[in-house]
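Positions are given from 1, in the same order as the sequence printed here.
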Amino acid sequence: MDGFEIHDPAFRRLVLPNAPLLTLGEGLAWLEGPVWLADADCLLVSDLPNDRILRWSESGGISTFRQPAGFPNGHARDREGRLLGCSHQHRCVTRTEPDGTITVLAERHGGRRLNSPNDIVCRSDGTIWFTDPIYGISTDYEGGKGVPELPPALYRLDPRSGELRVMADDFTGPNGLCFSPDERRLYVAESGAQFDPDSARHIRVFDVAEDGSGLSGERVFHTVLPGFADGMRCDEEGNLWSSAGDGVHCISPGGELLGRIKVPCTVSNLAFGGRNRSRLFICASHSLLAIYTNARGAVRP
């Protein structure tokens with residue numbers, strides 16, 4: 001199976017040997033934050049250093065959705081289908097309303113500014129969870145240098161009450177995050193200190209309280225090598241598909257590496273979408289790639 005690396009026979013049924021890895025766009029700066037819009041049949045993705053959100057569709061190819069965009073990183077959709085975004089430049093979490101206006105949902109905690117919200121997910125109860133490392137204010141390349149006012153942390157926002165809570169603050173560099181399909185687990189990438197080659201880098205997992213109000217049982221779930229985990233998504237069976245230095249790694253719910261989709265450059269993020277949510281869109285450094293799989297993404301909404 002050219003293009004794949006099998007570590008467990010279970011991976012063979014999740015990929016398609018006759019489905020090629022296709023290039024949808026190239027010559028971009030650094031791609032992040034892919035989100036599939038099924039109702040519009042398109043993908044939105046951040047070209048982060050170029051301060052723009054791109055739109056890709058099968059019929060129209062790549063076009064500009066929004067520029068300037070506040071140096072956006074992660075994206076998700078809320079329970080009403082509105083676009084949620086993480087702005088490095090403005091150090092906040094936003095929501096795009098149906099009329100196109102942008103509402104700031106979170107920009108401070110305890111009176112101090114957030115650092116640079118990175119990745120974001122929306123739980124079925126409507127709460128919004130996001131990571132806030134300092135990556136976006138460490139250089140001018142991804143937003144602009146700034147002074148951290150808060151420790152890197154994982155947050156939970158209730159958009160109905162406006163309550164913003166720290167759920168974990170013992171990270172060096174909290175990055176991508178993803179709920180399991182049943183929402184009983186939350187996976188969070190610990191990507192470490194940006195300029196420290198010896199920093200700890202792994203995927204952590206937390207048990208989520210039934211009402212979604214708390215986390216417990218934190219442990220190391222898996223260590224991605226080479227490179228480290230950034231963006232992640234779960235399929236319907238609970239397998240975790242993670243970005244890595246050599247492509248996309250598929251990890252079982254038990255934390256075992258099942259296999260890899262080989263990509264000749266660093267992968268930063270990914271998202272399931274397309275027909276039946278079985279097409280995997282891959283942010284591969286300076287290129288947007290896609291491959292059909294035999295897995296369906298656990299996409300909400």
(message) I'd like to check the side-chain contact (heavy atoms from CB on, under 4.5 Å) partners of E256; sequence neighbours left out, ordered by chain and number.
(response) S252
(message) Show me the pairs that pass salt bridge (charged side-chain N to carboxylate O under 4.0 Å, His left out) and involve residues 9-31, at least two apart or across chains.
(response) R13-E237
(request) Could you tell me which residues satisfy side-chain contact (heavy atoms from CB on, under 4.5 Å) with P117, sequence neighbours excluded, listed by chain and number? (result) C86, V93, L114, F130, D132
(request) Would you list the pairs meeting salt bridge (charged side-chain N to carboxylate O under 4.0 Å, His left out) in which at least one residue belongs to residues 146-156, sequence neighbours left out? (result) none
(message) Run the side-chain hydrogen bond (donor to acceptor under 3.5 Å, both in side chains) test against Q67 and tell me which residues pass, sequence neighbours left out.
(response) none
(message) Taking salt bridge (charged side-chain N to carboxylate O under 4.0 Å, His left out) as the cut-off, I'd like each qualifying pair that reaches into residues 50-67, sequence neighbours left out, listed once.
(response) D47-R52, E58-R279
(message) For N18, give me all partners under side-chain contact (heavy atoms from CB on, under 4.5 Å), at least two apart in sequence or on another chain.
(response) L16
(message) Under 4.5 Å between side-chain heavy atoms, counting indirect links through other Ile/Leu/Val/Met/Phe/Trp/Tyr residues: same cluster for I120 and V208 or not?
(response) no
(message) Running the 4.5 Å side-chain criterion over Ile, Leu, Val, Met, Phe, Trp and Tyr, what cluster does V35 land in, apart from itself?
(response) L37, L44, I53, F65, L83
(message) Using 30° and 60° as the class boundaries, would you call the ring planes of W36 and W56 parallel, tilted or perpendicular?
(response) tilted
(request) List in chain and number order the residues that pass side-chain contact (heavy atoms from CB on, under 4.5 Å) with S161, two or more places apart in sequence or in another chain; answer none if no residue qualifies. (result) D158, E163
(message) Parallel, tilted or perpendicular: which one describes the rings of F179 and W129, with boundaries at 30° and 60°?
(response) perpendicular
(request) Please collect all salt bridge (charged side-chain N to carboxylate O under 4.0 Å, His left out) contacts where either partner lies in residues 213-229, sequence neighbours excluded, each pair once. (result) R204-E218, D207-R219
Atom pairs and distances, side-chain donor-acceptor, residues 268-276, under 3.5 Å, sequence neighbours left out:
| unit_1 | atom_1 | unit_2 | atom_2 | d |
| --- | --- | --- | --- | --- |
| S268 | OG | L31 | O | 2.5 |
| S268 | OG | C283 | O | 3.4 |
| N269 | ND2 | E32 | OE1 | 3.0 |

(message) Holding to side-chain hydrogen bond (donor to acceptor under 3.5 Å, both in side chains), I want the full list of residues that pass it with N73, two or more places apart in sequence or in another chain.
(response) H88
